[in-house]
Amino acid sequence: MGSVLYQSGSPLASLHTSVLEWYDANARVLPWRDPAAGPWAVMVSEFMLQQTPVARVLPAYQRWLERWPKPADLAAEPPGEAVRAWDRLGYPRRALRLHAAAQAIVERHGGEVPDDHAALLALPGVGTYTAAAIASFAFGQRHAVVDTNVRRVLARALTGVAQPTISPTAADQRLAVTALPEDVRTAARWAVASMELGALICTARTPRCGDCPIRSQCAWVLAGSPPYEGPPRKGQTYEGTDRQVRGRLLAVLRSEHGAVPKKALDACWQDHVQRERALDGLVADGLVEPLPRNQYRLPT
DNA sequence: AATACGTGGAG
DNA sequence: TCTCCAAGTAT
């Protein structure tokens, strides 16, 4: 299907040109985008950016790479150190998976982040998005890099709806593949540029269409910017959930370097049943290590 | 396919 | 204040 789509003057080619020019002029300067940063830096950033905003990632990212400049540096440390360094980025299982991925890289890839998409996908914590992102951002390959930003940009620009589906679909993936420029280098630039457009202009809440480089080509805008129609998005409550309890427990364990008596953890949460469940869950996830004499610590 | 999984800033 | 939501993955 490609040939017609990519002729000069075709709708997609025009879209590509507009977004790429906009990116060249408006891209944020981010440390993992420095060409000298390398694949490991890209990989660390991608793990941290899974569901966590750029602003909160920045300081943790800097400290992480300073301390563990190569996968082998991280792999040589206990997983608990990764959890501690993860600080308050949220979803600390990502820290554990990044640590496990670093070990896998040492064992299976000689300590170098693999450039093969399938090899990336086989690493702990690397899913379809992250594998494509590393392959594209770090190695300049041609992949559809489909995150929430890209899904939203494509939903609006091409499908003409206000919001993408609540969860990623195969249709999203197909659409992204269809929209991917044929040329490898252009595809890699498009991947990061379309994501950046979603992050800065084509935002979820209040899109800045007045500043958008493709507003004249956007199917949603051309349709009169119709409001979102679809199932209501379930606003997840956090107060009172096991997640909150886990967060509190882990915060205590992160702050203590040695063994923590269970009594100190008990102070985190009133409800005994829920507290025990949360602690058991942390142990089951490998985020906490139980010790003799009713003590706990981060995994070694 | 639906659900679990943290945290905190912005509007 | 309170809701929304931020470069997803694993089960």
Side-chain angles (χ1 to χ4, degrees), chain A residues 27-28 30-33 41-61 83 86-98 100-101 120-138 143-154 162-170 172-173 176 191-200 202-208 228 231-254 268 274 277-278 280-282 284-288:
Chain A
R28 289 169 292 181
L30 298 171
W32 46 86
R33 287 182 180 164
V42 171
M43 180 168 162
V44 169
S45 76
E46 289 305 332
F47 269 74
M48 291 185 169
L49 288 164
Q50 291 169 0
Q51 301 287 279
T52 302
V54 167
R56 209 182 315 157
V57 162
L58 247 11
Y61 166 89
V83 174
W86 199 250
D87 198 34
R88 307 184 69 92
L89 290 180
Y91 292 149
R93 290 188 297 193
R94 290 181 293 165
L96 232 36
R97 290 173 184 150
L98 181 52
L120 287 165
L121 197 52
L123 297 173
V126 176
T128 54
Y129 161 76
T130 303
I134 296 171
S136 178
F137 301 161
H143 295 281
V145 182
V146 187
D147 76 327
T148 187
N149 289 304
V150 170
R151 294 204 316 119
R152 189 172 55 247
V153 167
L154 298 181
Q163 300 287 346
T165 54
I166 293 175
S167 45
T169 65
D172 295 332
Q173 200 65 32
V192 67
S194 56
M195 192 175 308
E196 189 78 336
L197 185 68
L200 298 183
C202 195
T203 54
R205 193 88 59 97
T206 311
R208 304 169 54 193
Y228 171 71
R233 320 225 151 199
K234 50 175 164 80
Q236 83 266 32
T237 53
Y238 180 63
E239 288 294 321
T241 61
D242 285 8
R243 278 148 85 161
Q244 184 180 25
V245 185
R246 288 166 58 107
R248 288 195 185 185
L249 293 170
L250 214 51
V252 173
L253 290 160
R254 268 199 310 262
C268 288
Q274 187 176 26
R277 186 174 63 226
D280 288 347
L282 288 171
D285 287 347
L287 283 163
V288 173

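Reminder, nothing fancy here: chain letters follow the sequence lines and each chain counts from 1.
Listed by chain and residue number, Asp285(A) satisfy the salt bridge (charged side-chain N to carboxylate O under 4.0 Å, His left out) test with Arg246(A) (two or more places apart in sequence, or in another chain). Not counting sequence neighbours, Arg56(A) has no partner by the side chain to side chain donor-acceptor pair (under 3.5 Å) test. Gln274(A) meets the side chain to side chain donor-acceptor pair (under 3.5 Å) test with Asp242(A), Trp269(A); sequence neighbours excluded. Listed by chain and number, the residues in a side-chain contact (heavy atoms from CB on, under 4.5 Å) with Arg28(A) are Leu30(A), Arg33(A), Val54(A), Glu196(A), Ala199(A), Leu200(A) (sequence neighbours excluded). In this view, Arg151(A) and Asp172(A) satisfy the salt bridge (charged side-chain N to carboxylate O under 4.0 Å, His left out) rule, not counting sequence neighbours. Residues satisfying the ring pair (Phe, Tyr, Trp, His ring centres under 6.0 Å) test with Tyr91(A), not counting sequence neighbours, are none. With sequence neighbours left out, the side-chain contact (heavy atoms from CB on, under 4.5 Å) criterion links Asp87(A) to Arg63(A).
In this entry the distance linking CG of Leu121(A) with P of dG8(C) reads 16 Å, nearest Å. The distance between atom OH of Tyr91(A) and atom C1' of dA4(B), rounded to the nearest whole Å, is 8 Å. Per the geometry, CD belonging to Glu239(A) stands 12 Å off C1' belonging to dG6(B), to the nearest Å. Atom CZ in Arg243(A) sits about 12 Å away from atom C1' in dG8(C), given to the nearest Å. The interatomic distance linking Leu89(A) (CG) with dA7(C) (P) rounds to 15 Å, in whole Å. Distance CZ (Arg93(A)) to C1' (dT3(B)): 11 Å, rounded to an integer number of Å. Taking atom CZ of residue Arg97(A) and atom P of nucleotide dG8(C), one finds them 14 Å apart after rounding to whole Å. As a whole-Å value, the separation of Leu120(A) CG from dA7(C) P is 21 Å.
Counting heavy atoms from C-beta outward, Leu249(A) and Val288(A) have side chains that stay 4.5 Å or more apart. Residues Pro31(A) and Leu58(A) meet the side-chain proximity criterion, which asks for heavy atoms closer than 4.5 Å. Side-chain contact between Leu287(A) and Leu96(A) is present, with at least one heavy-atom pair separated by less than 4.5 Å. Considering only heavy atoms from C-beta on, Leu250(A) comes within 4.5 Å of Pro92(A) through its side chain.
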Legend entry - Paired and unpaired positions of DNA chain B as dot-bracket, Watson-Crick or G-U wobble under 3.5 Å, | denoting a partner strand: .||||.|||||
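Within 4.0 Å of Ala204(A), counting heavy atoms only, lie sugar-phosphate atoms of the nucleic acid but no base atom. Ser45(A) comes within 4.0 angstrom of no nucleic acid atom, judged by non-hydrogen atoms across all strands. If you check every strand for non-hydrogen atoms under 4.0 Å, Pro92(A) touches sugar and phosphate atoms only. Residue contacts for Gly127(A): at a heavy-atom cut-off of 4.0 Å it reaches the sugar-phosphate backbone alone, with no base atom in range. Residue Trp32(A) is in base contact, counting any heavy-atom pair closer than 4.0 Å across all strands shown. At the heavy-atom level, Leu287(A) lies nowhere under 4.0 Å from the strands shown. Note on Thr128(A): only backbone sugar-phosphate atoms sit closer than 4.0 angstrom, heavy atoms only; bases stay farther off.
Nearest-nucleotide assignment on DNA chain B puts the 5′-proximal partner with Ser167(A), out of Arg94(A) and Ser167(A). Nearest-nucleotide positions on DNA chain B for Arg246(A) and Thr206(A) put Arg246(A) closer to the 5' end.
Distance noted for atom C1' between dG6(B) and dC5(C): 13 Å (whole Å). Of the C1' atoms belonging to dA10(C) and dA1(B), the separation is 13 Å, rounded to the nearest Å. Look at the C1' atom in both dT1(C) and dG8(B): the space between them is 15 Å, to the nearest Å.
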Only pairs under 3.5 Å count here: list side-chain donor-acceptor contacts from residues 123-137 of chain A, not counting sequence neighbours, and write none if there are none.
unit_1, atom_1, unit_2, atom_2, d
Tyr129(A), OH, Glu46(A), OE1, 2.7
Thr130(A), OG1, Gln50(A), NE2, 2.9

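No donor-acceptor distance shorter than 3.5 angstrom exists from the side chain of Thr237(A) to the backbone of Glu239(A), with no hydrogens or angles considered. Side-chain atoms of Thr52(A) come within 3.5 Å of backbone N or O of Leu89(A) as a donor-acceptor pair.
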Sub-3.5 Å pairs of nitrogen or oxygen atoms, protein against nucleotides 2-4 of chain C:
unit_1, atom_1, unit_2, atom_2, d
dC4(C), O2, Arg205(A), NH2, 2.8

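Tyr61(A) contributes atom OH, which lies 9.0 Å from atom CE of Met48(A) (distance to the nearest 0.5 angstrom). With rounding to the nearest 0.5 Å, the separation of CZ in Arg94(A) from CH2 in Trp86(A) is 4.5 Å.
Contact check, Tyr238(A) against dT7(B): a side-chain N or O comes under 4.0 Å of OP1 or OP2. Distances shorter than 4.0 Å separate none of the side-chain N or O atoms of Arg254(A) from OP1 or OP2 on dG6(B).
Within residues 50-58 of chain A, the residues that have a heavy atom under 4.0 Å from DNA chain B are, in order of number, Gln51(A), Thr52(A), Arg56(A). Only Asp147(A), Thr148(A), Asn149(A), listed by number, bring a heavy atom of residues 144-151 of chain A to less than 4.0 angstrom from any atom of DNA chain C.
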